[in-house]
Amino acid sequence: MAVLRNFIGGRFVDGGARFEDVNPATGAVIAEVCEADAEIVDAAVSAARAAMDGDWGQSHAEARARMMERIADGIEARADEFVAAEVADTGRPIAVAEALDVARGAANFRAFAAMARAEGGESFETPGGGVNPRGAVNYSIRRPLGVVAAICPWNLPLLSMSWKVAPALACGNAVVAKPSEETPATATLLAEVMASVGVPDGVFNLVHGFGEGSAGGFMTAHSQVDAISFTGETATGEAIMRQAAKGVRPVSFELGGKNPAIVFADCDFEAAVAGVARSSFFNSGQVCLCTERVYVERGIYEQFVAALVRAVDAYVIGDPLDRATTMGPLTSETHRTRVLGYFEVARGEGAEVLTGGGVPDLAGAYVLPTVWAGLSNSARILQEEVFGPVCHVMPFDGEDEAVALANDTKFGLAASIWTRDVGRAARVAGQVKVGLTWVNCWFLRDLRTPFGGSGLSGIGREGGRHSFDFYSETRNVCLAL
Ligand code: NAD
Ligand code: 6OD
């Protein structure tokens, strides 16, 4: 049985207790994971602090960029192992793990290496006058924050961890990272890559475990952690924010979503059906950006819903290692229980089940992709994030109603708009209160663009210089002339 260890100061170390890593497609235990107790987390933070106090704290962007390119090379060289680990941990179809997780894991390190080289500061010539007769040049410099805690979810393990670790390292920080207890495997491989490509000891540390009362809670409570980058549930974000208040430490939060798709009658019909199906059911609906509310202009509502149901019924549900499979299980039995709880909620609220609504005849944490209709926006399944392969469809009349329905939520992560009218797309995009709007597409990512949400969906933006704004401190120098 594989044993996944913590990685501290350049060495793999055991923890006190061990917990099991389970493949959700088969229920098999695939590894034992060493849980980091308070002492181990303290050792990880101390190793990171020592790196910041040593050479790493004085490192130059060029050296960091080269190191990150070696990390990207290291991921690519072991791509097959990363893919196998991600599929076994998450149950995601193998082709998706190849195209998304592992490709993005390496791409994140390359993209932020390039940004480390390119990122500059600002400068201003300030005329003299008043009480300061001499003029000055003001310029800004960036400095790392120090020790960054990176706490990650289970849905896109390597993608979300590298999305935090890469910019944090690019800015010269040392990192203590924690993958989700559900998906610890690729983070452990990443630590092996870090060791093999010569990342200095203590610059990247990995701890395994759970949240409150375990590694996650010990990380956020640690007084030597200077900043916290967290992706996960909104309720967890609230708990972490209470910890971060001690010491007034900055947080970057990527939290839940309840994302709308707005389909206008003038859309490219086939593209919209395929796009909405993909945005709702990709990765079994376990992407924070997934659509769970579909609003369709009344003129095409019946036709659209019929086509959407056909598209959903065409998913091939099964073994993630079979290349014919287009939908795997949910990430765990625990999560399946939660999602099936929402199937009950929908039933109780009187939802019409257009397809799905149950489980397939398969062992493993599978549920059927499900389309609901017939509820109003105030229903729980239209207000709470399910995080499974589900969506609810509803007709609307006109732009104003579409915008009002889309905005009737406390979340504000993403929206997609399907229309051929560019002016309408821009008008609606300007009014939906989300951090990311896609027009006639979904989850098309340019790593330089701002990424994040508002309301219950998070705090701050990452991506490109927005990541640099979080992971570094900008200082102004005023030089008298
Ligand atoms: P989660 O909040 O349960 O757990 C996320 C991580 O936080 C895990 O590593 C967990 O161990 C840790 N954790 C839990 N409680 C903690 C605590 N009190 N202190 C410190 N750490 C703690 O989330 P999840 O179930 O793993 O992920 C699914 C959620 O993540 C969904 O809500 C989804 O929308 C969200 N998500 C958001 C984004 C985004 O970019 N907005 C991206 C991915 C996932
Ligand atoms: O694409 C990204 O950079 C990103 N952070 C995606 C997150 C998806 C949420 O599940």
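Order of listing sets the numbers, starting from 1, for every ligand and every atom in it.
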> Can you tell which part of Thr231 has a heavy atom less than 4.0 Å from ligand 1: side chain, backbone, both or neither?
Replying inline: both

>> I'd like to know whether ligand 1 has Cys152 as a neighbour, heavy-atom separation below 4.0 Å.
In response: yes

> Going by the order shown, which atoms of ligand 2 are within less than 4.0 Å of some heavy atom of Glu254?
Replying inline: 5 (N)

> Ring centroid separation for Trp372 and Tyr342, is it under 6.0 angstrom?
Replying inline: no

>> Checking Glu86 against Thr186: is there a side-chain donor and acceptor pair closer than 3.5 Å?
In response: yes

>> Out of the candidates Arg142, Arg448, Arg465, only one should pair with Glu119 under the salt bridge (Lys or Arg N to Asp or Glu O under 4.0 Å) rule; please name it.
In response: Arg142

> Leu159 near ligand 2, heavy-atom distance under 4.0 Å?
Replying inline: yes

>> Side chains of Ser214 and Glu35: any donor to acceptor distance under 3.5 Å?
In response: yes

>> Under a 3.5 Å cutoff, is there a donor and acceptor pairing between the side chains of Ser252 and Glu462?
In response: yes

> What part of Leu156, side chain, backbone, both or neither, has a heavy atom within less than 4.0 angstrom of ligand 2?
Replying inline: side chain

>> Out of all atoms in ligand 2, which are within 4.0 Å of some heavy atom of Cys288? Include the element for each.
In response: 7 (C), 8 (C), 9 (C), 10 (O)

> For ligand 2, which atoms sit closer than 4.0 Å to a heavy atom of Asn155?
Replying inline: 9 (C), 10 (O)

> What do we get for Val287 next to ligand 1 when only non-hydrogen atoms under 4.0 Å count, side chain, backbone, both or neither?
Replying inline: neither

>> I need the atoms of ligand 2 closer than 4.0 Å to a non-hydrogen atom of Phe443, numbered in the order shown.
In response: 1 (O)

>> For Leu447, which part has a heavy atom under 4.0 Å from ligand 2: side chain, backbone, both, or neither?
In response: neither

>> Among all the protein's non-hydrogen atoms, which is closest to atom 35 (C) of ligand 1, and how far away is it?
In response: Gly232 O, 3.3 Å

> Are Lys164 and Ser229 linked by a side-chain donor-acceptor pair shorter than 3.5 Å?
Replying inline: yes

>> Whether the side chain of His208 engages the backbone of Arg5 through a donor-acceptor N/O pair (distance < 3.5 Å, no angle test) should be reported.
In response: yes

>> Tell me whether Phe253 reaches ligand 1 (any heavy atom closer than 4.0 angstrom to a ligand atom).
In response: no

> Of Thr325, Asn283, Thr331, which meets side-chain hydrogen bond (donor to acceptor under 3.5 Å, both in side chains) against Arg92?
Replying inline: Asn283

> Looking at Arg104, which atoms of ligand 2 are within less than 4.0 Å of one of its heavy atoms?
Replying inline: 1 (O), 2 (C), 3 (O)

> What do you reckon, is CZ of Arg117 surrounded by more than 12 foreign heavy atoms closer than 6.0 Å?
Replying inline: yes

> What residue and atom, counting heavy atoms only, is the protein's closest point to atom 37 (C) of ligand 1, and at what distance?
Replying inline: Leu255 O, 2.9 Å

> Tell me: protein heavy atom nearest atom 11 (O) of ligand 1, and distance?
Replying inline: Glu181 OE1, 2.6 Å

> In terms of residue, atom name and distance, what is the protein heavy atom nearest to atom 34 (O) of ligand 1?
Replying inline: Glu385 OE2, 2.5 Å

> For atom 1 (O) of ligand 2, what's the nearest protein heavy atom and its distance?
Replying inline: Arg445 NE, 2.7 Å

> When you measure from the side chain of Arg64 to the backbone N and O of Ala170, does any donor-acceptor pair fall under 3.5 Å?
Replying inline: yes

>> Among all the protein's non-hydrogen atoms, which is closest to atom 14 (C) of ligand 1, and how far away is it?
In response: Thr236 CG2, 3.4 Å

> Can you tell me if His466 and Thr449 form a side-chain donor-acceptor pair at under 3.5 Å?
Replying inline: no

> Taking the six-membered ring for Trp, are Trp163 and Phe109 ring centroids under 6.0 Å apart?
Replying inline: no

> Looking only at side chains, do Asp89 and Thr183 share a donor and an acceptor under 3.5 Å apart?
Replying inline: no

> Would you call Gly458 a ligand 1 contact, heavy-atom distance under 4.0 Å?
Replying inline: no

>> Taking a cutoff of less than 4.0 Å between a non-hydrogen atom of the residue and any ligand atom, is Gly453 in contact with ligand 1?
In response: no

>> In the structure I gave you, are the side-chain heavy atoms of Trp442 and Leu289 within less than 4.5 Å of one another anywhere?
In response: yes

> Below 3.5 angstrom, do we get any N/O pair linking Asn155 and ligand 1?
Replying inline: no

> Looking only at protein heavy atoms, which one is nearest to atom 28 (C) of ligand 1, and how far off is it?
Replying inline: Phe387 CE2, 3.6 Å

> Looking only at atom types and distance, does a side-chain atom of Arg380 sit under 3.5 Å from a main-chain N or O of Val345, one as donor and one as acceptor?
Replying inline: no

> Does an N or O from Lys178, backbone or side chain, lie closer than 3.5 Å to an N or O of ligand 1?
Replying inline: yes

> Looking at atom 21 (N) of ligand 1, what's its closest protein heavy atom, distance included?
Replying inline: Gly216 CA, 3.6 Å

>> Quick check on atom 4 (O) of ligand 1 - does any protein heavy atom sit closer than 4.0 Å to it?
In response: no

>> Checking contacts here: is it the side chain or the backbone of Val287 that comes within 4.0 Å of ligand 2, counting heavy atoms only? Could be both or neither.
In response: both

> Considering only the protein, which heavy-atom contact is closest to atom 24 (P) of ligand 1, and what is its distance?
Replying inline: Trp154 NE1, 3.4 Å

> Would you say Pro179 touches ligand 1, if touching means a heavy atom closer than 4.0 Å?
Replying inline: yes

>> Determine whether a donor-acceptor pair (N or O, by modelled atom type, separation under 3.5 Å) exists between the side chain of Arg293 and the backbone of Asn377.
In response: no

> Is it the side chain, the backbone, both or neither of Gln243 that has a heavy atom closer than 4.0 Å to ligand 1?
Replying inline: neither

> For ligand 1, which part of Phe230 has a heavy atom less than 4.0 Å away: the side chain, the backbone, both, or neither?
Replying inline: side chain

> Donor-acceptor pair, Thr409 side chain versus Phe411 backbone, under 3.5 Å?
Replying inline: yes

>> What protein heavy atom lies closest to atom 6 (C) of ligand 2? Include the residue and the distance to one decimal.
In response: Phe451 CZ, 3.5 Å

